[in-house]
Amino acid sequence: MDYDPEGGAINVRFLQADDQRANFIVQNFNLETANSLRRVMLAEIPTLAIDVVEVFDNTSVLADEFVCHRLGLVPLSSHRMDDLLYSRDCDCEGYCDNCAVVLTLNAKCTGSEVMKVYARDLVIESRPPNDDMGKPVITDSEGTGSCIVKLRRGQAINMKCIAKKGIAKEHAKWAPSAAIGFEYDPANKLHHLDYWHEEDPEKEWPKDEARINLDGGPPNPDEPFDYDAVPTRFFFDVETVGGLSPDKIVGEGINVLQQKLAGIIKELTGGVGPADVDFGGAQSPMLNGAGYGGADPGGYTPAGGPGAGYGGASSWGGAAQAGGATPYGATPYGQNW
């Protein structure tokens, strides 16, 4: 899109764009929508990450939980995530090819030197919806990826990893971006910032002259302060972890934000809106498909049987109500004081 700083339409100007980073300016935008896009790109774009690990053998010096945590943080290719279902939306028992990608990690050290197990050693065993989905992201020059564990002679590791679809609002391992820079008014002409200083803030705080020039130049001390001025230019710096390209992160962020706004319109207009979009928000892609809410546990039975927990019968038996009995005596809540 052509960059027209004087026009009234929304304009985008790219300052840098490659496989790892996208640095761009959005012109004629408003602060609320720009910040909403930033938050959506950080936390609500669906990606793929290892969520369940079955440990068959681990004789390394690292505990099972330690290795499983590291496996969850290995970035996986997340292209065309629409082809994969959320676990909560799948009818299978546990996981299947429609809602998960299965990878195996199997290595044993037989030599005298320390053996390093890398992300490249993760092998896809299932049939993912497309050829790119689920592959470990490897960007280093050696072609090894992240180091998962080190093994000495006789030590071995054998694990099955089930990768599922999720969003970073549920857990950071599903975050598509390493960081998202967001800035407006680099010269502080709107006085939204109050710089802490010892003597002179002009000397103690560095200035990004390049961004100031892109934002219309430094402030003119002879001009009166405009109390009605609002920011209209926003600087974004999107850095990916590798599962999605930066331009894909931005595009998916806009798409998710549109769906969320469509959900609001649907509610305000009495149900008129897209019928095939799930506006339920973040839900956990648990092993048995259970998400938030108590209507249908989806295969997961709380302690005490169906209906137990929030709003149902207590796990001690009987209805969970004010003044009910527990193994420790009657509850005083709800009684007449």
Side-chain angles (χ1 to χ4, degrees), residues 43-58 63-107 117 119-137 145-146 148-149 157-176 241-244 252 256 276-278 280-303 306 309:
E44 298 192 49
I45 296 177
T47 61
L48 189 70
I50 295 174
D51 189 47
V52 178
V53 178
E54 298 178 9
V55 181
F56 302 117
D57 186 18
N58 178 25
D64 294 348
E65 295 83 0
F66 199 106
V67 178
C68 294
H69 181 264
R70 301 185 78 167
L71 287 170
L73 297 179
V74 173
L76 303 177
S77 177
S78 302
H79 294 284
R80 291 159 53 190
M81 287 303 297
D82 291 340
D83 296 340
L84 195 70
L85 296 175
Y86 284 102
S87 294
R88 63 179 183 269
D89 298 331
C90 191
D91 297 330
C92 68
E93 293 288 339
Y95 59 88
C96 66
D97 290 342
N98 295 325
C99 65
V101 177
V102 179
L103 303 96
T104 58
L105 182 65
N106 192 1
V117 181
R120 69 179 179 187
D121 299 315
L122 286 166
V123 179
I124 298 178
E125 293 292 335
S126 63
R127 294 175 295 176
N130 58 70
D131 295 337
D132 294 328
M133 184 181 296
K135 294 181 179 179
V137 175
S146 308
I148 299 172
V149 68
I157 186 170
N158 187 5
M159 298 182 176
K160 177 189 286 187
C161 309
I162 296 95
K164 297 188 176 184
K165 181 179 179 180
I167 60 176
K169 184 183 285 186
E170 183 67 27
H171 194 282
K173 64 187 175 185
W174 280 295
V241 298
L244 291 172
E252 287 295 319
V256 172
D276 57 344
V277 180
D278 179 15
Q283 293 188 6
S284 174
M286 299 178 186
L287 177 61
N288 292 321
Y292 294 122
D296 181 10
Y300 172 75
T301 303

Legend entry - Separation of Cys161 SG from Glu125 CD (nearest 0.5 Å): 10.5 Å

Inset, instruction - Output the distance between atom CH2 (Trp174) and atom OG1 (Thr47), rounded to the nearest 0.5 Å. - result: 8.0 Å

Legend entry - Test side-chain contact (heavy atoms from CB on, under 4.5 Å) applied to Ile157 and Leu105, step by step: CA-CA 7 Å; Ile157 186 170; Leu105 182 65; 4.1 Å; yes

Legend entry - From CD (Glu44) to CD (Glu252), nearest 0.5 Å: 12.5 Å

Legend entry - Distance, nearest 0.5 Å, that separates SG of Cys99 from CG of Leu84: 7.0 Å

Legend entry - Any side-chain heavy-atom pair of Ile148 and Val67 under 4.5 Å: yes

Inset, instruction - For the pair Ser78 (side chain) and Leu76 (backbone), establish whether a donor and an acceptor sit closer than 3.5 Å, ignoring hydrogens and angles. - result: yes

Inset, instruction - Run through Val123, Asp121, Leu122 and flag the one making a side chain to side chain contact (heavy atoms under 4.5 Å, CB included) with Leu103. - result: Leu122

Inset, instruction - Taking the side chain as every heavy atom from C-beta outward, state whether Tyr95 and Ser126 have any pair of such atoms under 4.5 Å apart. - result: no

Legend entry - Heavy-atom closest pair, residues Lys164 and Ala100: CG-CB, 4.3 Å

Inset, instruction - Work out which heavy atom in Cys90 is nearest to a heavy atom in Asn98; give both atom names and the distance. - result: SG-CB, 4.4 Å

Inset, instruction - Kindly give the heavy-atom pair with the smallest separation between Cys68 and Val55, and that separation in Å. - result: SG-CG2, 4.0 Å

Legend entry - Atom pair CZ (Arg80) and CG (Leu48), whose distance is rounded to the nearest 0.5 Å: 13.5 Å

Inset, instruction - List the steps, then state whether salt bridge (charged side-chain N to carboxylate O under 4.0 Å, His left out) holds for Lys165 with Asp51. - result: CA-CA 9 Å; Lys165 181 179 179 180; Asp51 189 47; over 6 Å; no

Inset, instruction - Take atom CZ of Phe66 as the centre, draw a 6.0 Å sphere, and report whether it contains more than 12 heavy atoms from other residues, nucleotides or ligands. - result: no

Inset, instruction - Check whether more than 12 heavy atoms from other residues, nucleotides or ligands sit under 6.0 Å from atom CG of Asp91, and answer yes or no. - result: no

Inset, instruction - With the side chain counted from C-beta on, respond yes when Met133 and Ser77 share a heavy-atom pair under 4.5 Å apart, and no when they do not. - result: no

Legend entry - Heavy-atom side-chain proximity of Lys160 to Val102 below 4.5 angstrom: yes

Inset, instruction - Could you check Asn130 against Asp132 for side-chain contact (heavy atoms from CB on, under 4.5 Å), going step by step and ending with a plain yes or no? - result: CA-CA 6 Å; Asn130 58 70; Asp132 294 328; 3.9 Å; yes

Legend entry - Any side-chain heavy-atom pair of Asp97 and Pro128 under 4.5 Å: no

Inset, instruction - Please tell me if the side chains of Ile124 and Val101 come closer than 4.5 Å, counting only heavy atoms from C-beta onward. - result: yes

Legend entry - Side chains of Leu244 and Ile45 in contact at under 4.5 Å (non-hydrogen atoms): yes

Legend entry - Met159 side chain near Leu71 side chain, heavy-atom distance below 4.5 Å: yes

Legend entry - Inter-residue atom distance Met81.CE - Tyr86.OH, 0.5 Å rounding: 7.5 Å

